[in-house]
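Reading through the C-alpha cells given below for one structure.
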2 protein chains.
Amino acid sequence: MPDYNAPLRDLRFVLHDVFDAPSLWARLPALAEVVDADTADAILQEAGKITAGLIAPLNRSGDEEGAQWANGAVSTPAGFKQAYATYINGGWVGLSGNPQFGGMGMPKMLAVQFEEMLYAAGSSFALYSALSAGACLAIDAHGSDALKRTYLPPMYAGRWAGSMCLTEAHAGTDLGIIRTRAEPLASGSYAVSGSKIFITGGEQDLTENIIHLVLAKLPGAPSGAKGISLFLVPKIKVNPDGSLAGANAVSCGSIEHKMGIKASATCVMNFDGAEGYLIGEENKGLAAMFTMMNYERLSIGIQGIGCAEASYQTAVAYARERIQGRAPIGPQAQNAVADPIIVHPDVRRMLLTIKAMTEGGRAFASYVGQQLDLSKFSDDSTEKQAAEALVALLTPVAKAFFTDSGLESTVHGQQVLGGHGYIREWGQEQLVRDVRIAQIYEGTNGIQALDLLGRKIIANGGAALRQFTGDIRRFAEQPATPYSVALLNALERLECTTAWLQERAVNDPQVIGAASVEYLHLFGYTAYAWMWARMAAVAARRTEDDAFYRAKLATAEFFFARLLPRIQSLEASIRAGSDTLYGLTAEQF
Amino acid sequence: MPDYNAPLRDLRFVLHDVFDAPSLWARLPALAEVVDADTADAILQEAGKITAGLIAPLNRSGDEEGAQWANGAVSTPAGFKQAYATYINGGWVGLSGNPQFGGMGMPKMLAVQFEEMLYAAGSSFALYSALSAGACLAIDAHGSDALKRTYLPPMYAGRWAGSMCLTEAHAGTDLGIIRTRAEPLASGSYAVSGSKIFITGGEQDLTENIIHLVLAKLPGAPSGAKGISLFLVPKIKVNPDGSLAGANAVSCGSIEHKMGIKASATCVMNFDGAEGYLIGEENKGLAAMFTMMNYERLSIGIQGIGCAEASYQTAVAYARERIQGRAPIGPQAQNAVADPIIVHPDVRRMLLTIKAMTEGGRAFASYVGQQLDLSKFSDDSTEKQAAEALVALLTPVAKAFFTDSGLESTVHGQQVLGGHGYIREWGQEQLVRDVRIAQIYEGTNGIQALDLLGRKIIANGGAALRQFTGDIRRFAEQPATPYSVALLNALERLECTTAWLQERAVNDPQVIGAASVEYLHLFGYTAYAWMWARMAAVAARRTEDDAFYRAKLATAEFFFARLLPRIQSLEASIRAGSDTLYGLTAEQF
C-alpha cells in the first residue's frame, strides 16, 4: 500500500496563489498577531509530517482491529494511545482555539487544510479530536467564564476530549422529540438522565477525561425544538481547581459495529442522574449547538476531500505501475509485455474525476474557511455580516458536496485497481467504507440540502445567494477570465433554477424537498467552476515552465469539459417538481 | 432486519404481461416440452420460498463469520452446508442446464428471474452455484462427449461445483500475458502448472468435488490472447465411471480478505502439474470461454438488481415505520409526535430511484434472457441470428448498468436509514459492500463499456444497434404509446451520439475509451426508457382498480421525469471527446 503524502504544494497554491491568505491575516489584528506566511508554511509542513508519518501508518491496522468494548470500557486499536499522545503534544487540537484559554488562535483556513491531511491519514483517528474541537467551540461561545476556564485549557491541550450527545434511539434528525431530561439541583447544577446513541468518542482510552455536551429537556420545557437545553457533563467530575474528582454517573453501554470508521468508538452513552452544567440559556440549547455547527460541518465535509485525496494517491501510483493491455494508439512501453494502465482513456477519466473534484473541493474548503475567518475576526461590521451570510449559505454545500464527491471519488479510486481495489490489502475499499459515514453524520446530506434551499435561500428571498453570485459574476466579467462563458452559463442556470423554485415554493411546500439534493449539487458544481476558473487564472499567469501549473490548467480543462455538464441533468430533474414523488401512497411502494 | 420477500408479483408481470413469455415458449419445441405458464409460476413460487426462507436468513451471519481458510481447506460459514444440501436437492443448479445430461432445460428468462432472487437473498451463497452454471455452459458447448457425460450430471445436480480460473497476479483484464502452462502427457491429458488468483469458490466444503476450468498456455503456443487454451482440472480425479479417484495436484494457497461477499471464498489456486483435459481446440481457449460469457455476464449483472431489491425492501419498511419530523404540507400522523419519514419528498426520491431502476432492470434482464432463449432455441435462422446479435450488443449493457445502478441503489437504500444504515445490524451496509464487487468481476464495467462501444457498435458499423433501435422505434411509433415523445427523443440522442462517435473514431483511436462508460449509461437509460414505456403501456390497459398497476404507472412517470434526463449530461460529457484526458503526462497526475 503506497504511503500518504500530504499535498503541500497544492495546499500552498490555494493558500497563497489563489486566496493570498497572508494579506488578509495581516489586516485582521487577532490573526496578524499569531500567523504570517512563514508560520503557516511551517505549520502545514509539520502537519504533513505528523499526519503522514504518525497517523497514516495506523489507519489500516486500526480498521482491522477496531475499537473494542468490554464492561463499559473502550480500547482503541494498538498504537493509537502513543500516537495520540504525540499528536496532542503538537498542540493540534487547539489549533484554531481561543488563545485566552490556551488555544493557538490560528485561522480556520489553516485548520481546514490541516483537517484535510488528518482525515486523509485516518478518519477514525481524526474523529477523536474533531469532536473535541466542536465541543470547545460551543463552550467558548456559550459557556460561563468559570466553565471556560476550567474546561477549555485541558481540552485544547488534548488531555481531555469532547463529545456531542444529540441523537437518541428514536430521535436523530428530529431532535425536538428527545427524551433525555435534566433536573435542577440545589447546587445550581443539573442531574442529567437519559440514553444517547451514535456518540462518536463517547468513551475511549486516550484522554484523562471526556467532556460530553448533552442535549436534554428541563422540567416543564416547551415541547419540540424550542424546549431543548445544552449541558456540559464530564465523564469524571472536576474540582473547582481543575483537578479530577470522582466518576460521574455516565457510562458507555456498548459500541456499534459499523461499515467503516471501525477504530472510532461509536457509543451508546447512558446518563443516570449525571451532574451537568447548563451551557447558554435554558431552552436555547439547539441554538447554542448551531452557532458552532458551521465550523463543525465544514470540518466533517473535509473528511470527503481527505479520503478522496488518499484514494487518489494510491490509484495514481497503481495506474503508473500496473501493466495491462496496450494503449489505444499502440504500444507505449515497447520493451514490456503491456503498457501501464494510465495510458487508457477510461483510467484517466477516473483519475481526473477524482483530481478535479478533490482540488476543486480543496479550494472551496479554504474559501469557506476564509469566510469563517472574516466572520470571526473582521472588525468591519459590513464585511463581517457579509461573511456570516456567505458562511451560512455555503456550509451545507461544503458538507454535502464534499462528502458526496468523496464517495464518488473513492469508488473511482477503488475501481482503478480492479479486483485489487476490492481486497483489504490495498486500503482502497476502506476509504470507501470510511467516507460513507460523512454523508450521514453531522446532519445527513439530505438535511444539508434542505437547509441550503429552504432556510438559506428560499426563506431569505435569495439575499445570501445574490451576494455569492454577485462575487462570481464580478470575477467572471473581468477581461480575459478563463472559462468565463462556461462559468456565467452555469451561474445563470443556477439563478434561473433558483427563481423557478422560489416561484414554485409559494404554492407547493413539497417542491423544496423534492429539488433540494439535486439543487445542492447544481450549486456545488457551479461553486467548483468558480474555483477552477480562479485556479486556472492564477496558473495561466505563471510563465515559468512548471509541471504543476500545466497540470492545473489541464485539470481545469477536464472539469469544464467533462464534469460541469452534469448540471444540465440536475436542472432537468429539479424542474420535474414534486408531483412525481407523490404518485404512490406509502403502501404502494 | 426485515425479511426478504421475493417480488413474485412483479416478476410475473414482466414474464406474462410485458413479454408474454409462455407464448414464445410454446412455439420453441425444446422449451414447449419442459415449461408452460403454470410450470413457470410454480418454479418461481418455489424459488421465492427457498431464497427467502432458506438462503436469506444466512446472509448476515455469513457476512459476520466469513469463509475461513486453514491448511489449504476452506470452511463456509455456519448453516451454509445444510442450506446448500437442501438447495441442490431442488435441482436449482441445473435449472437451465442441458436435459441430455441431467439439466432441467428451462428458459434463461426464468433462470434470470430465479437468479435475481438468489442474489437478493445472499450474494455470497449465490456465487457457490453461479460459477458452476458458467462452467457447465463451457463444458456443454466445447467439451468432448466423454467429458460431458462424466462431469455435467454431478455438476447440474450440485454435488460437484465449478470454478473459473482466469486471473493471475499480473494478468487480469489482459489475459494474453498469463503464465500458467499445460504440458501434454502421453495419456492424452495435460499437466497444468501455475497460480491463479481471485478464484471464486476455488475451494469450499459444500461439494464432493470442484471442477476448475483453467486458462493455460501450451508449449510453443502463440503469444498473447491467441495462444491460450482451456482445460478442465478436477480437484479430485474422476474415474471413467464417474466415481472419485485420488486427489489432483490442486491446492488452495489462501483466501482474500475483502470488502464484502465475505462468505464467498475468493481463493489463490495453485496447480502443480495437475491432471487436466483440453476443452475445445488448442489455442482457442478464450473463444471457448467467451461463448458462455454472455450467459454468465448477464447473471452477474443480476446481482446488481437482486441487491438493490433487497435494499429497497428494508428501506421501504424502515421509511414506513420510522417517525421523524413532519411532512412539508403539515402533520400527517396527528396522534404521533412525528410523521413516518416516507412523507418526506427526499426520502421518496431515494426510494423511487431504487424502485424505478430495479423494476426497469428487472424487465430488461428478462428481455435479454428472452433473446438468449431465442438465440439458443429458435429454429428460424433469421430470428436466431437477430437474437444472437442483440444478445452480444445488450449483454455488456446489462452487466455494467445493472451493477452501477445496483451501487447507486444500495447507497440510497442505506441513506434512507440514516445512521442506522451505517451500522451492521440492519444489513443495508452489507448490500453496498456485497454489490460493489459486481462492478469489478466478470470483466470490470469499464471493460464492458469498451466491449459495447468498440466491439459491438463501432467495429460492426452499428448494425446490431440499428436492429435494437429499430425495435424501439417501431414500438414508440405505434399510436397511443405512452411516453413515445420522450422515448423517441432519448433514442435520437443515442443515435446521434453514436454517429458522432463513429465519425470521430476514424481519426481518434482514443475517443472510444474516452466515451465508453458514459455511452453505456446513455444506452442503459434509453433501454430502461423502452422498458418503462412498455410496462406503462401494459399497466395503462388494465382497467381494474389495482394498486400494483397504479404504482407501476406512477413509477414510470417518475422515471421519465427525474431519471431519464440524466442522458443530457452524459451526452455532453461524451462530446467532450478524448483530448481533455490527455492533457497531463503520467507524471503530472
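Each chain gets a letter, A, B and so on, in the order its sequence line appears, and its residues count up from 1.
Between A/Arg424 and A/Glu64 there is a salt bridge, since a side-chain N of the basic residue sits under 4.0 Å from a carboxylate O of the acidic one. Between B/Arg60 and B/Asp63, no side-chain nitrogen of the basic residue sits less than 4.0 Å from a carboxylate oxygen of the acidic one, so the salt-bridge criterion is not met. Ion pairing between B/Lys258 and B/Asp434 fails under the 4.0 Å rule for side-chain N and carboxylate O. Ion pairing of B/Arg436 with A/Glu429 is absent here, as no side-chain N (NZ or NE/NH1/NH2) approaches a carboxylate O to less than 4.0 Å.
Comparing B/Val511, B/Leu553, B/Ile329 by how many heavy-atom pairs each has under 4.5 Å with chain A, the most go to B/Ile329. Ranked by heavy-atom pairs shorter than 4.5 Å toward chain A, the options B/Ala586, B/Ala547, B/Ala572, B/Ala576 are led by B/Ala586. Looking only at heavy-atom pairs under 4.5 Å with chain B, the residue among A/Gly583, A/Pro328, A/Ser223 that has the most is A/Pro328. The greatest number of non-hydrogen atom pairs below 4.5 Å with chain A, out of B/Arg322, B/Arg550, B/His344, is found for B/Arg322. For the set A/Asp508, A/Thr555, A/Ile437, A/Ile447, the count of heavy-atom pairs under 4.5 angstrom toward chain B peaks at A/Ile437. The residue among B/Lys355, B/His170, B/Glu557 with the most heavy atom pairs within less than 4.5 Å of chain A is B/His170. When each of A/Asp346, A/Val347, A/Ile197 is checked for heavy-atom pairs under 4.5 Å with chain B, A/Asp346 comes out on top. Most heavy-atom pairs under 4.5 Å with chain B, from the set A/Gly176, A/Gly224, A/Ala171: that is A/Ala171. Counting heavy-atom pairs under 4.5 Å between each of B/Phe548, B/Phe558, B/Tyr582 and chain A puts B/Tyr582 at the top. Of the listed residues (B/Thr173, B/Leu570, B/Thr444), the one with the most heavy-atom contacts under 4.5 Å to chain A is B/Thr173. When the candidates A/Glu571, A/Gln430, A/Met350, A/Arg433 are compared by the number of heavy-atom contacts under 4.5 Å with chain B, A/Arg433 comes out ahead. The residue among A/Gly172, A/Ser516, A/Gly446, A/Ser578 with the most heavy atom pairs within less than 4.5 Å of chain B is A/Gly172.
Side-chain contact between A/Thr266 and A/Ile199 is absent, with no heavy atoms from C-beta onward closer than 4.5 Å. With a 4.5 Å cut-off on side-chain heavy atoms, B/Thr580 and A/Phe560 do not count as touching. Side-chain atoms of A/Arg566 and A/His521, non-hydrogen and from C-beta on, never get closer than 4.5 Å to each other. Counting heavy atoms from C-beta on, the side chains of A/Ile458 and A/Ile512 come closer than 4.5 Å.
Residue A/Gln428 holds its CD atom at 5.5 Å from CG of A/Leu417, rounded to the nearest 0.5 Å. The distance from the CD1 atom of A/Ile261 to the OG1 atom of A/Thr200 is 6.0 Å, given to the nearest 0.5 Å. The line from CG of B/Asp174 to CD of B/Glu168 is 11.0 Å long, rounded to the nearest 0.5 Å. Put simply, OH on B/Tyr441 and OG1 on B/Thr403 are 9.5 Å apart, with the number rounded to the nearest 0.5 Å. The CG atom of A/Leu450 sits 10.0 Å away from atom CG of A/Leu520, with the distance rounded to the nearest 0.5 Å. Atom-to-atom distance recorded for A/Gln414:CD and B/Gln439:CD is 8.0 Å, nearest 0.5 angstrom.
Both the sub-6.0 Å distance and the 45° axial angle are not jointly satisfied by A/Arg349 relative to the ring of B/Tyr519.
Looking at A/Val411, both its backbone and its side chain come within 4.5 Å of chain B, counting heavy atoms on both sides. If you measure heavy-atom distances from A/Ala315 to chain B, you find no contacts under 4.5 Å at all. Proximity to chain A (any heavy atom under 4.5 Å) is restricted, for B/Arg320, to the side chain, taken from C-beta onward. Proximity to chain B is limited to the side chain of A/Phe198, based on heavy atoms less than 4.5 angstrom apart. For B/Arg326, no part lies near chain A; criterion is any non-hydrogen pair under 4.5 Å. Residue contact with chain A, scored on non-hydrogen atoms closer than 4.5 Å, involves the backbone of B/Ala169 exclusively. In this structure, the portion of A/Tyr312 lying under 4.5 Å from any heavy atom of chain B is its side chain and not its backbone. Residue contact with chain B, scored on non-hydrogen atoms closer than 4.5 Å, involves the backbone and the side chain of A/His257 alike. Looking at B/Lys262, only its side chain comes within 4.5 Å of chain A, counting heavy atoms on both sides. Proximity to chain B (any heavy atom under 4.5 Å) is shown, for A/Arg562, by both the backbone and the side chain. In this structure, chain B has no heavy atom under 4.5 Å from any part of A/Arg575. Within the 4.5 angstrom heavy-atom criterion, no atom of A/Ile341 approaches chain B. Both the backbone and the side chain of A/Val337 come within less than 4.5 Å of a heavy atom in chain B. Interface residue B/Ile342: only side-chain heavy atoms are found under 4.5 Å from chain A. At a 4.5 Å heavy-atom cutoff, the contact between B/Glu587 and chain A is made by backbone atoms alone. If you measure heavy-atom distances from A/Thr167 to chain B, you find no contacts under 4.5 Å at all. Only the side chain of A/Ile177 comes within contact range of chain B, with at least one heavy atom under 4.5 Å from a heavy atom of that chain. Within the 4.5 angstrom heavy-atom criterion, atoms from both the backbone and the side chain of A/Leu352 approach chain B. Of the two parts of B/Ile323, only the backbone, made up of N, CA, C and O, holds a non-hydrogen atom closer than 4.5 Å to a non-hydrogen atom of chain A. Heavy atoms closer than 4.5 Å to chain B are found in the side chain of A/Leu407, but not in its backbone.
The number of heavy atoms from other shown groups lying within 6.0 Å of CD (A/Glu321) does not exceed 12.
The aromatic rings of A/Tyr318 and A/Trp426 sit perpendicular, their planes meeting at an angle over 60°, well past the 30° parallel limit.
Judged by distance alone, the side chain of B/Ser569 and the main-chain N or O of A/Ser569 form a donor-acceptor pair under 3.5 Å.
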